[in-house]
> 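The following block contains the structure, expressed as structure tokens.
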Amino acid sequence: MGGKAARLDWKILNSALLDMERGFKVFYPYRHIRKITIFGSARMGEDHPDYQLARQFAQCVTELGFMVMTGAGGGIMQAGNEGAGPERSFGLNIQLPFEQGANPVMAADPKLIDFKYFFTRKLFFLRESDGLVLFPGGFGTQDEAFESLTLVQTGKADPMPLVLVDSPGERYW
């Protein structure tokens, strides 16, 4: 290669820049509004206590003037978007070949961003968040929690509250 980037390298760079451009455009009009990110399981049904708690939490924080950001999937993410309502929600979706698209709250919303890469998606979660709230979840939730903590610890992201939430009596965290 000798200092020259291969065609695939340029394709990756271009896709990452397009991800970032979409993110900047969507968030620009809301840059002065505080936002809270809700992370949690995509596979929790509406009847689960954590789903109900996430919906109630999102409703409460939007009443305090915050907007809510989620990964735009189902489960806890959908609960967060439902509680906040579409007008106070962002969805930062990731394009995956084996997952369905965005939840019904965010599916047609102009504040839905479809990211190609996880790293650009995480960049916007941390760049735009004033706090992170983690409900029970799987590997994706754990990844988001630990990467966020690592980026804050190493000074790559601004310090912010990171709150771990369980339903009363539960012991997930």
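Below, each value reflects all heavy atoms present in this structure, side chains not excepted, and no hydrogens, waters or symmetry copies.
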> What's the shortest heavy-atom distance between Pro136 and Asp166, and which atoms?
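Reported closest heavy-atom pair: CG-OD1, 3.5 Å.
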> Pick from Val165, Thr141, Val163: which one makes a side chain to side chain contact (heavy atoms under 4.5 Å, CB included) with Leu134?
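So the option named by the test is Thr141.
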> Has Arg121 got its NZ or CZ under 6.0 Å from the middle of the six-membered ring of Phe118, at an angle within 45 degrees of the ring axis?
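No.
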> Under the side chain to side chain contact (heavy atoms under 4.5 Å, CB included) rule, collect the residues that match up with Met20, sequence neighbours excluded.
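Partners of Met20 by the side chain to side chain contact (heavy atoms under 4.5 Å, CB included) criterion, ordered by chain and then number, come out as Phe24, Thr120, Leu123, Phe124.
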> For the CE atom of Met106 and the CZ atom of Phe90, what is their distance to the nearest 0.5 Å?
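Here the interatomic distance stands at 8.0 Å.
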> For Lys116, which residues count as a side chain to side chain contact (heavy atoms under 4.5 Å, CB included) partner, sequence neighbours excluded?
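Testing Lys116 for side chain to side chain contact (heavy atoms under 4.5 Å, CB included), a comparison that skips the adjacent residues, returns Ser15, Asp19, Gln95.
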> Using the rule that two of Ile, Leu, Val, Met, Phe, Trp, Tyr join whenever any of their side-chain heavy atoms come within less than 4.5 Å, decide whether Ile76 and Phe139 are in one cluster.
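No, separate clusters.
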> Heavy-atom distance under 4.5 Å between the side chains of Leu126 and Met160, does that happen here?
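Contact flag for Leu126/Met160 side chains = yes.
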> Please indicate whether Asp143 has more than 12 foreign heavy atoms, meaning atoms of other residues, nucleotides or ligands, lying under 6.0 Å from its CG.
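Yes, CG of Asp143 has more than 12 neighbouring heavy atoms, counting only those of other groups under 6.0 Å.
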> Please find the pair of heavy atoms, one from Leu112 and one from Ala72, that lie closest to each other, and give the distance.
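Closest approach of Leu112 to Ala72: CD1-CB, 3.7 Å.
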> Once rounded to the nearest 0.5 Å, what's the spacing between atom CZ of Arg88 and atom NZ of Lys111?
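If I round to the nearest 0.5 Å, the distance is 9.5 Å.
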> Please examine the side chains of Arg22 and Phe115, heavy atoms only from C-beta on, and report whether any two atoms are closer than 4.5 Å.
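Side chain of Phe115 against side chain of Arg22, heavy atoms only: no contact under 4.5 Å found.
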> Give the table of side-chain donor-acceptor pairs shorter than 3.5 Å for residues 55-67, with sequence neighbours excluded, one pair per line with atom names and distance.
residue	atom	partner	partner atom	Å
Arg55	NE	Glu82	OE1	3.4
Arg55	NH2	Glu82	OE1	3.4
Thr62	OG1	Ala58	O	3.1
Thr62	OG1	Gln59	O	2.9

> Please report the shortest heavy-atom distance between Pro86 and Asp109, naming the atom on each side.
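Between these two residues, the closest heavy atoms are O-OD2, 3.5 Å.
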> Please walk me through it: do Met69 and Phe27 pass side chain to side chain contact (heavy atoms under 4.5 Å, CB included)?
CA-CA 11 Å; Met69 299 189 312; Phe27 280 109; 3.5 Å; yes
> List in chain and number order the residues that pass side chain to side chain contact (heavy atoms under 4.5 Å, CB included) with Gln142, two or more places apart in sequence or in another chain; answer none if no residue qualifies.
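For Gln142, the residues satisfying side chain to side chain contact (heavy atoms under 4.5 Å, CB included) (neighbours in sequence not counted) are Phe146, Tyr172, Trp173.
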> Could you measure the distance from the CD atom of Glu144 to the CG atom of Leu162? Nearest 0.5 Å is fine.
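The distance works out to 11.0 Å.
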> Would you kindly confirm whether Leu132 and Leu92 end up in one hydrophobic cluster when ILVMFWY residues are joined by side chain heavy atoms under 4.5 Å apart?
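Same cluster.
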> Output side-chain donor-acceptor pairs under 3.5 Å for residues 35-46, partner residues at least two apart or in another chain, one line each.
residue	atom	partner	partner atom	Å
Lys35	NZ	Tyr30	O	2.9
Lys35	NZ	Ile33	O	2.8
Lys35	NZ	Glu128	OE1	3.4
Thr37	OG1	Ser129	OG	2.4
Ser41	OG	Arg43	N	3.0
Arg43	NH2	Glu99	OE2	2.8

> Rounded to the nearest 0.5 Å, how far does NZ of Lys156 lie from CD of Glu147?
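If I round to the nearest 0.5 Å, the distance is 12.5 Å.
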> Mind checking the NE2-OG spacing from His48 to Ser167? Nearest 0.5 Å is all I need.
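One gets 6.5 Å once the value is rounded to the nearest 0.5 Å.
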> Check for a donor-acceptor pair, side chain of Asn81 on one end and backbone N or O of Gln78 on the other, with a separation under 3.5 Å.
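No: the side chain of Asn81 does not pair with the backbone of Gln78.
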> Kindly work out whether a path of hydrophobic side-chain contacts (I/L/V/M/F/W/Y, heavy atoms less than 4.5 Å apart) joins Ile94 to Leu18.
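Shared cluster, no.
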> Does Trp10 belong to the same Ile/Leu/Val/Met/Phe/Trp/Tyr cluster as Leu17, with side-chain heavy atoms less than 4.5 Å apart forming each link?
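Yes, one cluster joins them.
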> Which atom pair, heavy atoms only, marks the closest approach of Ala102 to Ala107?
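Of all heavy-atom pairs spanning Ala102 and Ala107, the closest is CB-CA, 4.0 Å.
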> Taking atom CZ as the centre, does Arg7 end up with more than 12 heavy-atom neighbours from other residues, nucleotides or ligands that are less than 6.0 angstrom away?
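Counting neighbours around CZ of Arg7, 12 or fewer heavy atoms of other residues, nucleotides or ligands fall under 6.0 Å, so no.
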> Tell me, please, which residues at least two apart from Asn93 pass side chain to side chain donor-acceptor pair (under 3.5 Å).
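Expected list: Asp114.
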> Looking at CE of Met77 and OH of Tyr51, how far apart are the two atoms once the value is rounded to the nearest 0.5 Å?
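These two atoms lie 10.5 Å from each other.
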